[in-house]
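Worksheet for the structure shown next.
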There are 2 protein chains.
Amino acid sequence: MARDGTPTGAPTTLELLWGTAERPSRGPKPRLSVDKVVQAAIGVADAEGLDAVSMQRVAQELGYTTMSLYRYVSSKEQLVELMVDTAIGSAPEVEGVPGGWRAGIHILAREMVAVFRRHPWLLRHKLEGPPQGPCSLSWLEQGLRAFSTSGLGSAEMVQAFMFLDGAVRELARVLGDVEQAQRRAGLTADQAERDYGRFLRGIPADRYPALAAVAADGAFEAADPADRPEVEVEIEFGIERLLDGIEAYVAAQRAARE
Amino acid sequence: MARDGTPTGAPTTLELLWGTAERPSRGPKPRLSVDKVVQAAIGVADAEGLDAVSMQRVAQELGYTTMSLYRYVSSKEQLVELMVDTAIGSAPEVEGVPGGWRAGIHILAREMVAVFRRHPWLLRHKLEGPPQGPCSLSWLEQGLRAFSTSGLGSAEMVQAFMFLDGAVRELARVLGDVEQAQRRAGLTADQAERDYGRFLRGIPADRYPALAAVAADGAFEAADPADRPEVEVEIEFGIERLLDGIEAYVAAQRAARE
DNA sequence: TAGATCTGTGTATTACTTACACTAAATAGT
DNA sequence: ACTATTTAGTGTAAGTAATACACAGATCTA
């Protein structure tokens, strides 16, 4: 059956993610492993960004040839999927955390931002489909655990979590990008006027009056370099409103039922 | 100065986006235009996805050679940026819409989802930095116009809008992906059991109890093929909660001030 | 009309993924 | 121990992509 080059039924991405790949007992022992390959790739991405990750580069990092990696991973795309689930890591436990379900959600959001800080390239990769890897799912799992005492229904919990997840991701990305651009422009973030704010002030105020007004108000220079965890702060507002809204919704439902 | 191949100071992405490119008065008139190139590329992406967009493919579509495109666009990356801002189009006007600011936000969200339905590849491209193109900014502008009567402060409006925008994008992407996967699997969406739901039921319930419980509850089969605009419905929940929360926040602030 | 300058093209280079075939190693069964 | 079988890692080459560079012809300005 395996007379051709095919590695005896190439493991699918899901099998690799869940470690459902039974090692064949025949043949030479592999010197590498999927995990080593993934770790090396993550190392490259952390140091030089996702664009620097090529099969050649990863192989070189490990001291192997490009082709040998394809014994562990069936394509670069698959490698990146594995990198993403590995780098995101397991979600923190939120069950029984002091402060109730709202505190749990906050912990999740903050830890998520922290992960994105550690691996900025995670935000430069578009996910495909709903979460499927063990780690990605652990975040959903913890999100549901947190929400489980909120009074929401099953479907509502899922919707709420995905809503939150999307918002945090996108906000973290934008704020991270802006921060990085600032750091690149004027190395002293002070002297270089906030880049985006300046850009917005150059925009035709007649076509974008609301934007101009808000920019003039300084809404885009808010980011104070003294406030280290600025990203978290900016995201916090939306989270608080969302959680307030959820709380009110549950209360209203309860009231209506009685 | 322009003795080399350089097109006399290649226009930056921003200049192209804002049409700030003064046509030189010397030399032959260009037969193509940036807009034609972008439109052709969007056509390819709409029909066959973003991966099908290559410089060669777009050139072929226009009946030109690959290299001629580089006279209008300085890189493929730039082309994609232009595609994105063009395809997203101008946001609908929300000022003075019946139903107040909440209605305005809903209109924006719904129209955004509609755009993503028309150009699914928009959700497969990672944005870089905050919105900068005229169309992308028009969405922010309209968002701010909507929020302007909500009672939020400048910075809060921006944060709220970006939060919402991120959530809508990510939710639309996930739901779109799932929908597409279902369509691909069983062409009659009915007979093929909801794919993701089935996948989740195969997951170790001891490590993911909350997830298992929710899946067993049928939270992932909710999507009813009869309900056409299912995506919109699933997103609506989060939006409503967020807007409720914002309303409550403003009310509380007002109360505290007096 | 002369000169400058721009458009579109052709060629070549580089980088990357991947198909395929080969070797060398390790095990299983005899 | 011996042999067949299976698998790990390598080498080569193909195919696709982006893009650097230079040239030919077109067209405007003076």
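Below, read A as the first sequence line, B as the second, and so on, with proteins coming before strands; counting in each chain starts at 1.
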Identify whether the distance between the nearest side-chain nitrogen and carboxylate oxygen of [X] and [Y] falls below 4.0 Å.
{"X": "Arg124(A)", "Y": "Asp177(A)", "answer": "yes"}
{"X": "Arg173(B)", "Y": "Glu128(A)", "answer": "no"}
{"X": "Arg117(B)", "Y": "Glu179(B)", "answer": "yes"}

Distance, rounded to the nearest Å, where [X] contributes [atom1] and [N] contributes [atom2]:
{"X": "Tyr70(B)", "N": "dA12(C)", "atom1": "OH", "atom2": "P", "answer": "18 Å"}
{"X": "Gln78(A)", "N": "dT17(C)", "atom1": "CD", "atom2": "P", "answer": "14 Å"}
{"X": "Leu69(A)", "N": "dG11(D)", "atom1": "CG", "atom2": "P", "answer": "14 Å"}
{"X": "Glu77(A)", "N": "dC16(C)", "atom1": "CD", "atom2": "C1'", "answer": "14 Å"}
{"X": "Tyr64(A)", "N": "dA8(D)", "atom1": "OH", "atom2": "C1'", "answer": "9 Å"}
{"X": "Leu32(A)", "N": "dG9(D)", "atom1": "CG", "atom2": "P", "answer": "6 Å"}
{"X": "Arg31(B)", "N": "dT7(C)", "atom1": "CZ", "atom2": "C1'", "answer": "8 Å"}
{"X": "Lys29(A)", "N": "dT7(D)", "atom1": "NZ", "atom2": "P", "answer": "16 Å"}

Fill in: Candidates dT18(C), dT11(C), dA18(D) - which lies nearest the side chain of Met67(B)
dT11(C)
Worksheet item: For the side chain of Lys76(A), counting heavy atoms from C-beta on, which of dT17(C), dG8(C), dA8(D) is nearest?
Response: dT17(C)
Worksheet entry | Check: Glu81(B)/Thr13(B) side-chain N/O donor and acceptor closer than 3.5 Å | no
Discussion item. If only side-chain N and O atoms count, and only distance matters, is there a donor-acceptor pair under 3.5 Å linking Gln56(A) with Thr66(A)?
Written reply: no
Discussion item. Regarding Thr66(B), tell me which of base, sugar-phosphate or nothing describes its non-hydrogen contacts under 4.0 Å with the strands shown.
Written reply: base
Worksheet item: What are the residues of residues 40-63 of chain B, sorted by number, that bring a heavy atom to within less than 4.0 Å of DNA chain D?
Response: Ser54(B), Met55(B), Gln56(B)
Discussion item. My understanding is that only one of Ile42(B), Val44(B), Val80(B) makes a side chain to side chain contact (heavy atoms under 4.5 Å, CB included) with Trp121(B); could you say which?
Written reply: Ile42(B)
Fill in: Phosphate OP1/OP2 of dT7(C): any Arg71(B) side-chain N/O under 4.0 Å
yes
Discussion item. Can you tell me if Ser68(A) touches the phosphate of dA8(D), counting only side-chain N or O atoms and a distance under 4.0 Å to OP1 or OP2?
Written reply: no
Discussion item. Does atom CG (Asp51(B)) have a neighbourhood of more than 12 heavy atoms from anything else shown, all under 6.0 Å?
Written reply: no
